[in-house]
Amino acid sequence: MATAAKRTPLETGWSFKQTDDKDDAWAPVARVPTVVHMDLLDNKRIPDPFIGTNELDVEWIGERSWTYRTSFTAPEIPEGASVYLLFDGLDTFAHVRLNGVTILKSENMFLSHRIPITSMLYQPGSNQLVIDFDSALLRGRELEKQHPEHRFLASNGEPGRLGVRKAQYHWGWDWGPVLMTAGPFRPIRLEVSFAYIEYAKVDYDFSNGLKTATGTVSVDVKGTADEVVLSLRYEGNEVCSQRAAVAADGSTKLEFQLDNPYLWYPYGYGEQPLYEVVVLAVKDGNTLDTWTKKTGFRGSELIQKKDNHGESFYFRVNDVDIFCGGSCWIPADNFLPRLTPEKYRSWLELMIEGGQNMTRVWGGGIYEDDAFYDACDELGILVWQDFMFACGSYPVWPGLQDSIREEAKQNVRRLRHHPSIVLWAGNNEDYQIQEQYNLNYDYENNDHESWLKGSFPARYYYEYLLPAVVKQEAPAVAYWPSSPFSNGKNTWDLTVGDVHQWNVWHGSQEKYQRFPEIGGRFNSEFGLASFPVLETVQGMVSNAKDLYPQSRALDFHNKADGHERRIATYIAENFQIQSGLASWIYLTQLAQSEAVAYAYRGWRRQWGDERHCGGALVWQLNDCWPASSWAIADYYLRKKPAFYTINRALQPLAVGVQRAHHDWSVSHARPAKKSAYSVWVVSSLAREEKVDVEVRFVSVESGRDIRSPIVKVGITINANGTTGVASGEIDNVTEEPHVLAARIISGGETISRDVDWPQPFKYLSFADRGVKVEAQPGRYIVSAERPTKGVVFEEADGVVLSDNCLDIIPGDPQVVEVRGGTEVPQAKYRYLGCEEN
Ligand code: BMA
């Protein structure tokens with residue numbers, strides 16, 4: 001009798017060695033999935049590459065070949081059944097042998113493989129599985145030599161990476177070390193089956209104003225099944241079921257209709273109801289294989305229409321326009337198998353804690369683990385998914401094209417049921433390489449075969465091959481050729497497409513106060529680098545003598561070219577320089593926090609103006625090792641001040657206040673005579689709201705209100721848009737330097753605050769602020785006698801603060817809730833200009 005497919009992970013019993021080591025060199029492997037650095041660490045053969053300059057001592061690993069082996073007893077094979085080895089991911093040049101016979105040669109870590117082995121098994125007896133992993137570093141260099149017809153141009157890492165389908169950040173990036181891993185980085189499983197479901201695909205359309213979802217589930221079954229059964233369930237209850245015979249070619253189509261489906265919304269706009277789709281492959285009433293996935297029903301569109309600013313670029317989900325406020329995602333570890341579902345979940349919960357609703361999976365990493373997207377679905381985080389190409393001009397030899405086509409097909413198929421994924425993009429910044437080196441590109445030429453012959457041949461992937469795969473495999477999801485892309489205009493164009501706004505930090509190194517005026521239609525990257533939190537910095541060095549801001553060890557943990565100059569520039573422009581490690585860390589983080597404040601506040605304001613700005617995704621959410629970088633939370637998920645600043649700017653109702661930017665260095669430190677200011681409220685709520693808004697004008701030096709406040713009672717805030725509240729002028733000649741402190745009061749509570757300060761901070765005196773912190777059970781209460789900038793509480797691991805990096809205005813004490821930990825710890829905090837405490 002035919003029975004259900006059985007899959008057994010081959011996790012244990014593995015050993016490894018350097019390929020050309022003698023046979024007695026095998027060392028144990030704790031578990032598969034793994035990569036070689038993890039096994040060398042477990043066997044105490046290398047120091048921790050994340051500490052000090054140890055990365056240098058482990059570089060040799062990437063120049064060697066490594067071999068993994070295990071043995072297993074052949075499973076029982078019932079009459080008519082087949083046995084397969086399933087490889088979910090091999091990093092990267094893998095030669096797999098079973099009992100001495102080659103069963104697979106793979107050169108692409110983004111592919112999975114199913115290898116039939118029924119007739120090759122020793123039965124009874126032990127079967128030996130051996131995998132050699134060649135050095136991807138050396139193979140990449142060889143490929144470069146073998147293809148003189150192509151110009152290998154890349155920024156970050158070495159150009160040899162471009163010919164290798166391996167996570168590009170492994171070659172090192174401007175935030176990550178060079179750690180060339182190798183190994184079975186995703187599970188290997190043994191399957192015994194009579195039939196298996198190759199794929200199932202859920203397509204649907206809405207009618208009747210989102211009240212009816214009509215769709216099909218297409219299934220491809222291999223093997224002896226004669227029938228496919230579909231069951232659609234919600235919270236355990238079947239809401240729809242169908243069955244159909246399997247056609248001779250293994251395909252089946254089942255139709256379904258859902259009336260009044262529960263709709264899936266991004267966080268902040270509604271719930272995240274998930275349906276379970278269960279597909280059974282059946283023969284004579286026996287289930288031979290089961291495919292179960294969770295999915296959500298939602299309509300999603302990328303809205304690109306001509307308007308007064310050019311052409312819009314924003315997302316609409318279930319007919320609701322969504323301002324996408326979030327952050328870019330890089331792989332959260334150099335050693336990918338360390339990333340457990342729990343770890344992914346913690347990262348994505350952090351985004352929700354930070355008020356974010358979109359992440360961008362950046363093209364130099366990996367198509368993430370299923371656990372990543374599961375968490376996004378459950379939490380309501382929209383995903384902008386890049387294909388895995390970054391900062392290069394990629395080659396196109398025929399074998400590589402085939403590999404990339406297969407990679408795209410497999411990964412789109414694996415991920416297409418996730419309601420969170422709303423866009424696939426061709427690559428990260430490859431068109432900027434085209435621009436930088438003036439490679440052939442004529443937007444009007446649509447003969448895709450001719451692109452292959454030009455000096456920017458990868459256009460063939462981004463504008464032909466990949467969109468064709470997405471159209472075929474996931475037709476309801478938007479495709480965009482690149483991040484950034486501007487429909488044939490320069491990628492820096494602010495009127496169309498998305499933009500990576502790097503003219504703050506990189507490029508022309510604009511003052512961050514200018515962010516609002518240099519934003520595009522969708523800002524999919526921008527940021528400012530900073531040190532991680534002190535505790536992380538302390539763990540980065542192997543010797544305490546390196547604990548000063550410019551030590552080699554700390555520089556070593558900052559991979560950005562010219563980082564010293566840029567960090568120093570932004571600090572020198574804005575703040576009085578304080579040396580000492582803790583103060584320096586604080587200043588770098590405060591600069592980052594200020595920069596993102598200008599960006600999110602200014603760009604979200606533009607949402608209400610014809611969707612002038614459709615979203616802001618800071619570079620970057622996370623780190624892959626302990627480092628100074630653009631991350632807003634470090635490798636250990638410790639939050640930097642910017643994390644909180646972004647959260648405040650993304651609240652459903654958020655007030656903004658800003659005076660006009662005056663460039664103090666161009667004007668040789670002459671103040672502007674007058675500064676216009678404006679106050680507004682942004683809303684992501686579906687309905688109009690009535691709130692009170694107050695704006696105070698408070699002297700920085702004395703803490704006194706220099707004018708009577710503006711108080712607007714019961715004003716109407718536009719739904720899902722922006723409402724202007726007040727505007728006016730500051731007279732910098734007659735009025736002493738003062739802050740504009742705005743807040744929204746609703747139901748007697750302050751629900752949003754924003755403070756605009758005279759710029760730059762370095763011209764202000766912060767003597768004697770009169771800051772008081774009262775620790776009560778479960779909370780701190782912070783007050784100040786004079787305006788105080790950036791009160792940052794030190795955070796212990798496991799303790800969660802409701803807010804941090806606060807501007808405190810006299811007469812408006814703030815409460816910080818403290819969760820976790822056994823008691824409210826003694827508050828340790830610092831603020832701009834404070835004496836050490
Ligand atoms: C962008 C990203 C990354 C890089 C970052 C900071 O270009 O796409 O390549 O890490 O800037 O330089």
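Both counts, for ligands and for their atoms, begin at 1 and track the order of listing. Everything quoted here is computed from the prediction, not taken from an experiment. Computed from heavy atoms alone, side chains included, the values below leave out hydrogens, waters and symmetry copies. Along the sequence shown, the residues carry numbers beginning at 1.
- Ring to ring, Trp175 and Tyr635 are not that close: their centroids are 6.0 angstrom or more apart.
- Listed by number with element, the atoms of ligand 1 under 4.0 Å from a non-hydrogen atom of Trp175 are 10 (O).
- Of all non-hydrogen atoms in Ile433 and Cys391, the two that sit nearest each other are CG1-C, 3.6 Å.
- Within the model, atoms CD1 of Ile352 and CD1 of Ile381 stand 4.0 Å from one another, a figure rounded to the nearest 0.5 Å.
- One N or O on the side chain of Arg161 and one on the backbone of Asn156 form a donor-acceptor pair closer than 3.5 Å.
- Listed by number with element, the atoms of ligand 1 under 4.0 Å from a non-hydrogen atom of Asn428 are 8 (O), 9 (O).
- Contact atoms of ligand 1 toward His506: 6 (C), 12 (O) (distance under 4.0 Å to a heavy atom of the residue).
- Of the protein's heavy atoms, Trp173 NE1, 2.9 Å lies nearest to atom 9 (O) of ligand 1.
- Of the candidates Trp630, Trp619, Phe526, Trp619 brings a heavy atom nearest to atom 5 (C) of ligand 1.
- The heavy atom nearest to atom 8 (O) of ligand 1, out of those in Glu525, Arg360, Gln620, is found in Glu525.
- Residue-level proximity to ligand 1 for Cys391 is carried by the side chain, the only part with a heavy atom below 4.0 angstrom.
- Of the possible polar contacts, one joining the Gln606 side chain to the Pro516 backbone as a donor-acceptor pair under 3.5 Å is found.
- In this structure, Trp502 contributes its side chain and Glu525 its backbone to no donor-acceptor pair below 3.5 Å.
- For atom 10 (O) of ligand 1, the nearest protein heavy atom (residue, atom name, distance) is Asp174 OD1, 2.5 Å.
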